[in-house]
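Below is one structure, written out as structure tokens; the observations come after it.
In what follows, chains are A, B, ... by sequence order, proteins preceding strands, each numbered from 1. Small disclaimer: the values here were computed from a predicted structure and weren't measured.
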Protein chains: 2
Amino acid sequence: MDHAIADRWLTQVDEALSGPGRRAGAARTAVVELLAREGQCLLSAHEILRRLPNASASSVYRLLDELLELGLVHRFHGDDGVARYEIADPDGHHHHLIDDVTGSPIPFADHGLELAIEAVAARLGVRLTGHEVVIRGKRRSNGTES
Amino acid sequence: MDHAIADRWLTQVDEALSGPGRRAGAARTAVVELLAREGQCLLSAHEILRRLPNASASSVYRLLDELLELGLVHRFHGDDGVARYEIADPDGHHHHLIDDVTGSPIPFADHGLELAIEAVAARLGVRLTGHEVVIRGKRRSNGTES
DNA sequence: TTATATGCAAAAGCTTTGCATGGGT
DNA sequence: ACCCATGCAAAGCTTTTGCATATAA
């Protein structure tokens, strides 16, 4: 995990969730801290609930919705139809490679890909507000495996 | 819709689904024909069921699963978590722009984007088996709107 | 004290499965 | 006649919602 990103994100969340008429409860604190620690790549509500046995499903879903609304997390729906979340941070921007063998997502970033997406948007006459890329494949052996 | 793609796809489906121990029932015929006609871009099971009041949900889901297994359709999970399908055809390859205003998907293809994705895969040492791109944005007025 | 965050339980919605029946071949 | 495809109904799962309670401010 990236401490700089985690800390900045926690600050943003604190700001967004400390207005008048807002309170910090146990569930909220626990979920936010978990996301900062482990939410930099695709965490589902069930995975969160498993790690936080004291939090209720309703609180977790409600909070995730709230963070989504505030733009503090991104949400994706995987091949299994389950929603997965990760913290939103410009410096943490990345896409996902799904390993054909293990099925697990591997984050990656690529400048050329970003440029290509911007070029597409320009060609289509679209002001870009978001984009996601998923690539699937099998990693070629690179000789470092055991 | 593209007749050439629809016809070729129908042929492929017929071949794949006519082996020994397979039969064509009413539901299968109706769903396959509907997909060929209107399934070139993101159709959900519910939309199919609405258009085919005589087909049962179980038949529709079972058939879509079967086509998915055979690689004859692609499946996506949209922001609402609902599975949407479209026919798989190399010549019909495209990605999706989600209009921020209407929420509806607009298909597009872009050679530069494909090249960028291949470059990423090469850099990551991955043999590509699939990829999806979704971009979101607001279409700029081009002066042709009413 | 007061209103918000929480948890429980029930409900909702999409999708899957079991099983008896109908219909292709 | 065989047995696959279908439809119905029930179940499964994730996610949402209603409501009473606990709790932060």
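- In this structure, B:H46 atom NE2 and C:dC14 atom C1' are separated by 6 Å, rounded to whole Å.
- Counting distance only, with no hydrogens placed and no angle test, the side-chain atoms of B:R62 and the base atoms of D:dG7 include a donor-acceptor pair under 3.5 Å.
- Here the C1' atom of nucleotide D:dA5 and the CG atom of B:L64 are 15 Å apart, to the nearest Å.
- When each of B:L68, B:D89, B:D65 is checked for a side-chain contact (heavy atoms from CB on, under 4.5 Å) with B:V73, only B:L68 meets the rule.
- As rounded to whole Å, 13 Å separates atom P of D:dT17 from atom OH of A:Y61.
- The residue among A:V60 and B:D65 whose nearest nucleotide of DNA chain C lies closer to the 5′ end is A:V60.
- Between B:G25 and A:A24, it is A:A24 whose nearest contact on DNA chain C lies nearer the 5' terminus.
- The side-chain heavy atoms of B:C41 and B:H94, taken from C-beta on, include a pair separated by under 4.5 Å.
- Note on B:D80: nothing from the nucleic acid sits closer than 4.0 angstrom, heavy atoms only.
- Comparing D:dG7, D:dA24, C:dT6 by their nearest atom to the side chain of B:S56 picks out D:dG7.
- With B:H93 as reference, B:H131 is the one residue of B:H111, B:H131, B:H74 to meet the ring pair (Phe, Tyr, Trp, His ring centres under 6.0 Å) rule.
- The CG atom of B:L63 sits 15 Å away from the P atom of C:dT15 (whole-angstrom rounding).
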- Task: Apply the test side chain to side chain donor-acceptor pair (under 3.5 Å) to residues A:D100 and B:T129: give CA-CA distance (whole Å), side-chain angles for both, the deciding distance (0.1 Å), then the verdict.
- Result: CA-CA 8 Å; A:D100 277 348; B:T129 58; 2.5 Å; yes
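- Atom P of nucleotide D:dT6 and atom CG of B:N54 are separated by 13 Å, given to the nearest angstrom.
- When rounded to the nearest whole Å, the span between CD1 of B:I48 and P of D:dT6 equals 13 Å.
- Side-chain proximity of A:R23 to C:dT15, C:dT2, D:dG7: nearest is C:dT2.
- In this structure, the nucleotide among D:dG7, D:dT17, C:dT25 sitting nearest to the side chain of B:S59 is D:dG7.
- With rounding to whole Å, B:L43 atom CG is found 15 Å from C:dC14 atom P.
- Separating the CG atom of A:L49 from the C1' atom of D:dC13 is a distance of 14 Å, rounded to the nearest angstrom.
- A:V134 places none of its side-chain heavy atoms less than 4.5 Å from the side chain of A:H95.
- For D:dC8, its base sits under 3.5 Å from the side chain of B:S58 at one donor and acceptor pair at least.
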